Chemist: 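Handing you this structure, nothing more for now.
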Amino acid sequence: MTFEIRKLTASFGAEVLGIDLTEEIRPEVLAEIKTLWAEHQLLLFRGQSLEEKDAVNFSGHLGDLEIHVRHEYLSPDNPEILYVSNMKKDGKAIGILSDTEVGWHYDQIYLPRPAVGSLLYAVMLPANGGQTSFADMSAAYESLSDDIKATLKGRKATQSYEAFNNQYSVPTNSDQKKRTPDIEQPIIRTHPISGRKALYICPGMTTEIVGLPEDESRALLDHLFDWSVKPEFVYTHNWAHGDAVLWDNAATMHRREPFDGNEDRLMKRTTILPPPELAVPV
Ligand SMILES: [Fe+2]
């Protein structure tokens, strides 16, 4: 199996051409994909025809898979797969996040050992809307002034799944709430594989910088959020059927546009954990 790479933006993201993710991928190709994933932070595989077992199999080669805390939205057959959808069955939502805007966030930044990647596969799409944008938080960090970098060095920020749900999703149940309390994470995260630094905060889940007065914390976060989504750091993906996007969840955040709720959208996600010895963000 030979493949090619085409960059999606000057900053980050690459399309991988010539790989069928339903096939067993040779170890040396898999090793190359892992390297490219960390290097480009987002890999796009177009024209895939993935069964759930294929998505589980491919992403399982990249790391252990997380069983998402929102059990009500997991695939009935493959619990490693989370449905992101506005569709209903017997009056009940089959997936998370409905049809509304979903603000900038890192998947699972609120967990002590957050995922390092996600693979999202487009099964059903609306005619318009539902695009997903990604922000290169390594480039955003590297371009900050030395003063701001010095202010952020060694600091932590509070991450809140509840804050995200209040804005963009539905509340967790009491058991899920217990499993996802607010936590503090380093603001500058060193990538567990590449060693590159990135801003590890996001408007959807980060509520404050620990140890700063509230107004200073708010002003600095707002500045960093505006900075991070400057056009040169952002790639917006217009989904097509069969697209599978693998992103780096330690160095990119993402958001989704709303779409017409009268149309069905179904995306299937696997969530990839880092190796246990690299699991805690530093
Ligand atoms: Fe997400």
Side-chain angles (χ1 to χ4, degrees), residues 12 34-35 37-43 59 62-70 82 103-120 134-144 148-165 172 176-212 217 220-221 223-225 227-229 233 246-255 269-282:
F12 76 119
K34 281 187 192 177
T35 305
W37 175 33
E39 181 184 337
H40 294 283
Q41 301 169 319
L42 179 152
L43 298 179
S59 37
L62 304 173
D64 291 337
L65 301 182
E66 167 93 355
I67 308 295
H68 202 282
V69 67
R70 304 302 292 256
L82 176 74
W104 289 106
H105 66 282
Y106 272 98
D107 289 338
Q108 303 189 335
I109 194 172
Y110 51 84
L111 293 182
R113 298 186 165 196
V116 78
S118 296
L119 177 76
L120 192 63
F134 299 85
D136 176 352
M137 299 298 271
S138 300
Y141 169 74
E142 287 160 3
S143 62
L144 289 170
I148 292 184
K149 282 182 186 165
T151 304
L152 299 178
K153 196 172 176 199
R155 285 200 180 271
K156 293 190 165 193
T158 303
Q159 312 296 342
S160 171
Y161 190 38
E162 192 164 4
F164 176 81
N165 290 327
T172 45
Q176 292 165 340
K177 215 172 274 296
K178 263 187 237 146
R179 293 177 56 193
T180 56
D182 290 1
I183 62 162
E184 295 174 4
Q185 299 280 25
I187 293 181
I188 302 165
R189 182 174 186 185
T190 302
H191 195 280
I193 295 159
S194 71
R196 204 175 163 196
K197 289 186 167 69
L199 272 177
Y200 197 53
I201 50 171
C202 56
M205 295 177 178
T206 307
T207 54
E208 60 172 358
I209 297 176
V210 178
L212 286 187
S217 161
L220 182 50
L221 283 176
H223 171 72
L224 294 171
F225 295 152
W227 185 267
S228 304
V229 299
F233 303 138
L246 170 69
W247 67 85
D248 181 333
N249 196 56
T252 66
M253 61 175 185
H254 56 281
R255 74 176 285 271
R269 185 181 110 189
T270 48
T271 309
I272 303 154
L273 294 167
E277 68 278 13
L278 300 171
V280 178
V282 289

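All heavy atoms count here, side chains included; hydrogens, waters and symmetry mates do not. All values derive from a computational prediction rather than experimental measurement.
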Chemist: If I take atom SG from residue Cys202 and atom CG from residue Leu221, how far apart are they, to the nearest 0.5 angstrom?
Modeler: 10.0 Å
Chemist: Working to the nearest 0.5 Å, report the span between CG of Asn165 and OG1 of Thr180.
Modeler: 7.5 Å
Chemist: Can you tell if the side chain of Ile201 reaches within under 4.5 Å of the side chain of Ile209, non-hydrogen atoms only?
Modeler: no
Chemist: Looking at residues at least two apart in the chain, or sitting in another chain, which of them share a side chain to side chain donor-acceptor pair (under 3.5 Å) with Asp107?
Modeler: His105, Ser118, His254, Arg269
Chemist: Rounded at 0.5 Å granularity, tell me how far CD1 in Ile183 sits from CG in Leu111.
Modeler: 6.5 Å
Chemist: List the residues meeting side chain to side chain donor-acceptor pair (under 3.5 Å) with Trp227, not counting sequence neighbours, and say none if there are none.
Modeler: Ser143
Chemist: For Leu246 and Leu119, which heavy atoms make the closest approach, and how far apart are they?
Modeler: CB-CD1, 3.9 Å
Chemist: Taking all non-hydrogen atoms of both residues into account, name the closest pair between Ser228 and Met253 and its distance.
Modeler: CB-CE, 3.9 Å
Chemist: Locate the shortest heavy-atom distance separating Ile109 from Pro114; write the atom from each residue and the value.
Modeler: CA-CB, 4.3 Å
Chemist: Just to verify, what does Ile188 make a side-chain contact (heavy atoms from CB on, under 4.5 Å) with, not counting sequence neighbours?
Modeler: Tyr141, Leu152, Lys197
Chemist: Which heavy-atom pair separates Asn249 from Ala115 by the least distance, and what is that distance?
Modeler: ND2-O, 3.0 Å
Chemist: Find out whether Leu62 and Lys34 are in side-chain contact, i.e. whether some heavy atom of one side chain is under 4.5 Å from a heavy atom of the other.
Modeler: yes
Chemist: Is the backbone N or O of Leu43 less than 3.5 Å from a side-chain atom of Trp247, with the two atoms forming a donor-acceptor pair by type?
Modeler: no
Chemist: Please list, chain by chain and in numerical order, all residues satisfying ring-ring contact (aromatic ring centres under 6.0 Å, His included) with Tyr161, sequence neighbours excluded.
Modeler: Tyr110
Chemist: For Val210, give me all partners under side-chain contact (heavy atoms from CB on, under 4.5 Å), at least two apart in sequence or on another chain.
Modeler: Lys156, Thr158, Glu184
Chemist: Tell me, please, which residues at least two apart from Ser160 pass side chain to side chain donor-acceptor pair (under 3.5 Å).
Modeler: Asp182
Chemist: Excluding sequence neighbours, so at least two apart, what forms salt bridge (Lys or Arg N to Asp or Glu O under 4.0 Å) with Arg70?
Modeler: Glu72
Chemist: Applying ring pair (Phe, Tyr, Trp, His ring centres under 6.0 Å) to Trp104 and Phe225, what does each step give before you reach the verdict?
Modeler: CA-CA 9 Å; Trp104 289 106; Phe225 295 152; over 10 Å; no
Chemist: Taking C-beta and beyond as the side chain, do Gln41 and Phe134 meet within less than 4.5 Å on heavy atoms?
Modeler: no
Chemist: List the atom of Thr190, the atom of Gly195, and the distance in Å for their closest heavy-atom pair.
Modeler: CG2-O, 3.4 Å
Chemist: Return the CG to CG distance between Asp136 and Leu42, rounded to the nearest 0.5 Å.
Modeler: 10.0 Å
Chemist: Which heavy atom of Thr252 sits nearest a heavy atom of Phe12, and at what distance?
Modeler: CG2-CE1, 4.0 Å
Chemist: CG of Asp248 to NE2 of His191: how many Å apart, nearest 0.5 Å?
Modeler: 3.0 Å
Chemist: Look only at the side chain of Glu66 and the backbone of Thr271, and say whether a donor-acceptor pair between them is shorter than 3.5 Å.
Modeler: no
Chemist: Could you tell me whether the side chain of Gln185 and the main chain of Tyr200 form a donor-acceptor pair under 3.5 Å?
Modeler: no
Chemist: With sequence neighbours left out, write down each residue that passes side-chain contact (heavy atoms from CB on, under 4.5 Å) with Pro192, or none if nothing qualifies.
Modeler: Val116, Arg189, Ala250, Leu278
Chemist: Can you name the residues that form a side-chain contact (heavy atoms from CB on, under 4.5 Å) with Pro181, not counting sequence neighbours?
Modeler: none
Chemist: Check side chain to side chain donor-acceptor pair (under 3.5 Å) between Glu142 and all other residues, then give those that pass, not counting sequence neighbours.
Modeler: Arg196
